[in-house]
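Everything below concerns the one structure shown next.
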Amino acid sequence: MKKRYKLLILILGLWSSPYILAGINNIPDLYYIFFHGDINTGDSSKNHSLKRIHVPGLILNQIAYSKIIDSMYVDTIKLTKDGEIDSLHPDPPTYLTYEGRVYADTVNFTYKMETEDGKGFEVDGGNKHLITLNKDGKVIADVINVNPDSAGLLKNCLLLEDVIKPFQNWEDKSGPVYMNHYSKYKFNSECLNPFRGFGSPNGASTCYFWEGTGYFTVVFHKEKLRFKIPVSNQAAFYTGDYDYSDGINYYPVPDRFKSKLNAAFLVYDYRVYMIK
């Protein structure tokens, strides 16, 4: 009997350990809840604010070329018989690309973005919009179903680059956006199933052990703006820096344009938030 009781206690201990750790982890919640409101309510500091920009449709991802030459294609440059670069007939260099969602018009000092009608968080092939915002984030134009490139509507526009990288270290407080605290609420026991994904040709996909809330800070001109959003966590017990899934993108205006366009944009679940 004693062995059975010990085994039962061991099983109960293993089963309850995630919840015990979550309870300990969530003790600071009251402090962070006080300072971090829902992202859709926004936040403000002494001189700056974070607010949602309501635009028709879901914001689309765009691709632009950087000024960095792609090293994979340097061998395509034409050479002379002596092995030197042929300066008279060089191949045009190939540049690395980057992704973004918001354009800065560096002549008219406005912002532009492309959206598409959809339901929930999925585009449905409906109308496409080219939205123009003024410096205060107000929609001043909405051009529907026009190719912005062929119509010249993106002339003088710079696609803002996302500074959030894949596998972002959200606990690094030296960055412009970081996570102060993560609260664990719902444990996904299916992740413990050793046969999960069995029989699938692609195997098991990433399984997130926890659903919870991330409490974030944006640093804009040395002032802090705070918000909270749902965040998934793929670590069962001890979370590493790169175990979070949050869906945040952050697009600041480059320093060389900030005298005229002093803002940054945060995109979360296809929704747009302006920091100015």
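Each residue takes its place number in the sequence, starting with 1. What you see below is based on every heavy atom in this structure, not just the backbone, and it leaves out hydrogens, waters and symmetry mates.
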Exercise for the section: Compute the centroid of each ring, for F265 and then for Y273, and state whether the two points are separated by less than 6.0 Å. Expected result: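 Here the rings of Y273 and F265 have centres that are no less than 6.0 Å from each other.
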Problem - Results of ring-ring contact (aromatic ring centres under 6.0 Å, His included) for F216 - residues two or more places apart only - result: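 Once residues adjacent in sequence are excluded, the partners of F216 under the ring-ring contact (aromatic ring centres under 6.0 Å, His included) criterion are W170, F227.
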Keeping the roles fixed (side chain from [X], backbone from [Y]), state whether a donor-acceptor pair exists under 3.5 Å.
X	Y	result
S66	L96	yes
Y268	D246	no
E99	D162	no
T115	P56	yes
Y250	E161	no
N188	E190	yes
D136	K138	no

Are [X] and [Y] packed together at the side-chain level, in the sense that at least one heavy-atom pair is separated by less than 4.5 angstrom?
X	Y	answer
E211	K184	no
M113	R101	no
V267	I59	yes
V146	L153	yes
T106	C157	no

Practice task
Look at atom NZ of K165 and say whether more than 12 heavy atoms of other residues, nucleotides or ligands are closer to it than 6.0 Å.
Solution key: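 Atom NZ in K165 is packed in, count exceeds 12.
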Handout entry: Other residues, nucleotides, ligands: >12 heavy atoms within 6.0 Å of K258 NZ
Key =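 Yes - once you tally the heavy atoms of other residues, nucleotides and ligands closer than 6.0 Å, there are more than 12.
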Between atom [atom1] of [X] and atom [atom2] of [Y], what is the distance when rounded to the nearest 0.5 Å?
X	Y	atom1	atom2	value
L266	Y251	CG	OH	9.0 Å
I39	D269	CD1	CG	9.0 Å
S44	L50	OG	CG	9.5 Å
L158	R256	CG	CZ	6.0 Å
K135	M274	NZ	CE	10.0 Å
I33	K228	CD1	NZ	5.5 Å

Over all heavy atoms of both residues, which pair between [X] and [Y] is shortest? Give the atoms and the distance, please.
X	Y	answer
P252	L160	O-CD2, 3.9 Å
N147	D149	OD1-N, 3.0 Å
Y111	A263	OH-CB, 3.3 Å
P148	L130	CB-CD2, 3.9 Å

Problem - Derivation and outcome, side chain to side chain donor-acceptor pair (under 3.5 Å), residues N156 and D105 - result: CA-CA 6 Å; N156 304 313; D105 188 324; 5.0 Å; no
Practice task
Take S45 and K224, measure what side-chain contact (heavy atoms from CB on, under 4.5 Å) needs, and give me the verdict at the end.
Solution key: CA-CA 7 Å; S45 60; K224 296 180 179 180; over 6 Å; no
Problem - Cation-pi geometry met for K260 and F109 (6.0 Å, 45°) - result: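 Satisfied, under 6.0 Å and within 45°.
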Residues [X] and [Y]: side-chain donor-acceptor under 3.5 angstrom:
X	Y	answer
N233	D243	no
Y244	Q234	no
T110	N108	no
N47	E223	yes

Determine, using the 4.5 Å side-chain heavy-atom cutoff (strictly less than), whether [X] and [Y] are members of one ILVMFWY cluster.
X	Y	answer
V102	I140	no
V163	V177	yes
V143	V55	yes
I131	V272	yes
I229	V219	no

Handout entry: Parallel, tilted or perpendicular: rings of H36 and Y215 (30°, 60°)
Key = perpendicular
Fill in the blank from the handout: Hits for side-chain hydrogen bond (donor to acceptor under 3.5 Å, both in side chains) against D38, two or more places apart or cross-chain, chain-then-number order -> N40
Practice task
Carefully, step by step, assess L58 and R271 under the rule side-chain contact (heavy atoms from CB on, under 4.5 Å).
Solution key: CA-CA 7 Å; L58 306 176; R271 297 189 290 266; over 6 Å; no
Handout entry: L154 and E114: CA distance, side-chain angles, deciding distance, side-chain contact (heavy atoms from CB on, under 4.5 Å) verdict
Key = CA-CA 11 Å; L154 294 177; E114 294 183 62; 4.1 Å; yes
Practice task
Report the C-alpha distance between D172 and Y178 in whole Å, list the side-chain angles of each, state the deciding distance to 0.1 Å, and finish with yes or no for side-chain contact (heavy atoms from CB on, under 4.5 Å).
Solution key: CA-CA 6 Å; D172 180 8; Y178 59 86; 6.0 Å; no
Exercise for the section: Apply side chain to side chain donor-acceptor pair (under 3.5 Å) to H129 and D117, showing your working. Expected result: CA-CA 8 Å; H129 306 257; D117 293 342; 2.9 Å; yes
